[in-house]
Amino acid sequence: MFRLDEDFAPFYALIENDAALSWAAKGAGRLLAAPTVFEDVVKTICTTNCAWSGTVRMVSALVNDLGAGAFPEPKTMAAAPVRFYRDAARAGYRGAYLKALARDVASGALDLELLRPECGLLDAEVEERLLALPGVGPYACAHIMMLIGRYHRLVFDSWTRPAYLRVSGRRRASDRAIERSFRPYGPFAGLAFWLMLTRGWVPAEG
DNA sequence: CGTCCAGGTCTAC
DNA sequence: GGTAGACCTGGACGC
């Protein structure tokens, strides 16, 4: 779940002399992902257009009511009635997205695990496939790709935008402008962006 | 009680 | 390709 098999040396080499990111070269950058891409996609859809309390409510219902304490299998989510998504998870319009996604994964029509970097697909192709999923837009796509170890895209949402203004000291900054400023980080642009925003989460060295 | 919006996305121009 | 409106839900906020 921390992708410990992944070699971060290329990223650390890129930032070792970077004024804003060299601190991270001592071992930062691993994101906690779910065991399956399916789970990451479901959870990410549950973060869209709602407060964090809503995300907790939806995912808790999936785990407690359908998975008996663990994240449910696609076939279990597919078999859950519409009223579960409406009345228990209170997922609103996301309910139909989640049930259809689970159905397609359970049937084998959709293989999300194939999107992992070790399976060889190009970032652009993975991005295209993720954006094709109902409920997955630019934010969710970038977020899911980060979690599976594809760090090119920057995650823009109502938390990262103001967080960037605070860190950068700018008054305004369009998404395009921010993307441009992170272009030097190439395939690690999204990870560099995330680390700059979350630097305060890492305890300062004594 | 009505409005706004939170770790957005989809559709229709 | 860029942008209003609608969309489930519920907590915060103003009145």
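Only this structure's heavy atoms are used, side chains among them; waters, hydrogens and symmetry mates stay out. Being a predicted model, the structure only gives us computed values, none of them experimental. Residue numbers begin at 1 in each chain, while the letters A, B, ... track the order of the sequences.
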request  = Among dG8(B), dG2(C), dT9(C), find the nucleotide with the atom closest to the side chain of Thr48(A).
outcome  = dG8(B)
task = With P as the reference atom in both, quote the distance from dT3(B) to dA6(C) in angstrom, rounded to an integer.
result = 13 Å
ask   = Under a 4.5 Å side-chain heavy-atom rule over Ile, Leu, Val, Met, Phe, Trp and Tyr, are Leu133(A) and Tyr139(A) clustered together?
value = no
inquiry  = Using a heavy-atom cut-off of 4.0 Å across all strands, would you classify Ile45(A) as base, sugar-phosphate, or nothing?
reply    = nothing
ask   = Which value, in whole Å, describes the distance between the P atoms of nucleotides dA12(B) and dC8(C)?
value = 15 Å
ask   = Is the phosphate of dG10(C), meaning OP1 or OP2, less than 4.0 Å from a side-chain N or O of Arg90(A)?
value = yes
note = Of the listed dG8(B), dG7(B), dG2(C), the closest approach to the Asn49(A) side chain comes from dG8(B)
request  = Between dA4(C) and dC5(B), how far apart are the P atoms? Round to whole Å, please.
outcome  = 15 Å
request  = Grab the CG-P distance between Leu130(A) and dC10(B) for me, whole Å please.
outcome  = 12 Å
Same-atom distance (C1') from dG7(B) to dT3(C), integer angstrom = 22 Å
key: Distance, rounded to the nearest Å, where Met145(A) contributes CE and dG7(B) contributes P   = 24 Å
task = Tell me whether the centres of the aromatic rings in Tyr185(A) and Phe182(A) are closer together than 6.0 Å.
result = yes
ask   = Using 4.0 Å as the upper bound for N to carboxylate O, is an ion pair formed by Arg183(A) and Glu179(A)?
value = no
query = Between Phe193(A) and Phe156(A), does the ring centroid distance fall short of 6.0 Å?
reply = yes
message = If you assign Gly135(A) and Trp52(A) each to the DNA chain B nucleotide with the nearest heavy atom, which residue ends up on the more 5' nucleotide?
response = Trp52(A)
ask   = Once you round it to whole Å, what is the distance between P of dA6(C) and CZ of Arg94(A)?
value = 18 Å
task = Rounded to the nearest angstrom, tell me the gap between atom CG in Leu98(A) and atom P in dC7(C).
result = 19 Å
Minimum-distance nucleotide to Tyr93(A) side chain [options: dC7(C), dG2(C), dG7(B)] = dC7(C)
inquiry  = Let me spell it out: for each of His143(A) and Val136(A), pick the nucleotide of DNA chain B with the closest heavy atom. Which residue's pick is nearer the 5' end?
reply    = His143(A)
query = Nearest to the side chain of Pro138(A) - dA6(B), dT9(C), dT9(B)?
reply = dT9(B)
ask   = DNA chain C in dot-bracket, Watson-Crick or G-U pairs under 3.5 Å, [ ] crossing, | other strand?
value = .||||||.||||||.
request  = Output all residues satisfying side-chain hydrogen bond (donor to acceptor under 3.5 Å, both in side chains) with Glu73(A), sequence neighbours left out; order by chain, then residue number.
outcome  = none
request  = Answer whether the closest heavy-atom distance between the side chains of Phe38(A) and Leu110(A) falls below 4.5 Å.
outcome  = no
query = When you compare dA6(B) with dG2(C), how far apart are their C1' atoms, in angstrom units rounded to a whole number?
reply = 24 Å
inquiry  = Does Tyr97(A) reach a base, just sugar-phosphate, or nothing at all? Heavy atoms under 4.0 Å.
reply    = sugar-phosphate
task = With the side chain counted from C-beta on, respond yes when Met77(A) and Val105(A) share a heavy-atom pair under 4.5 Å apart, and no when they do not.
result = no
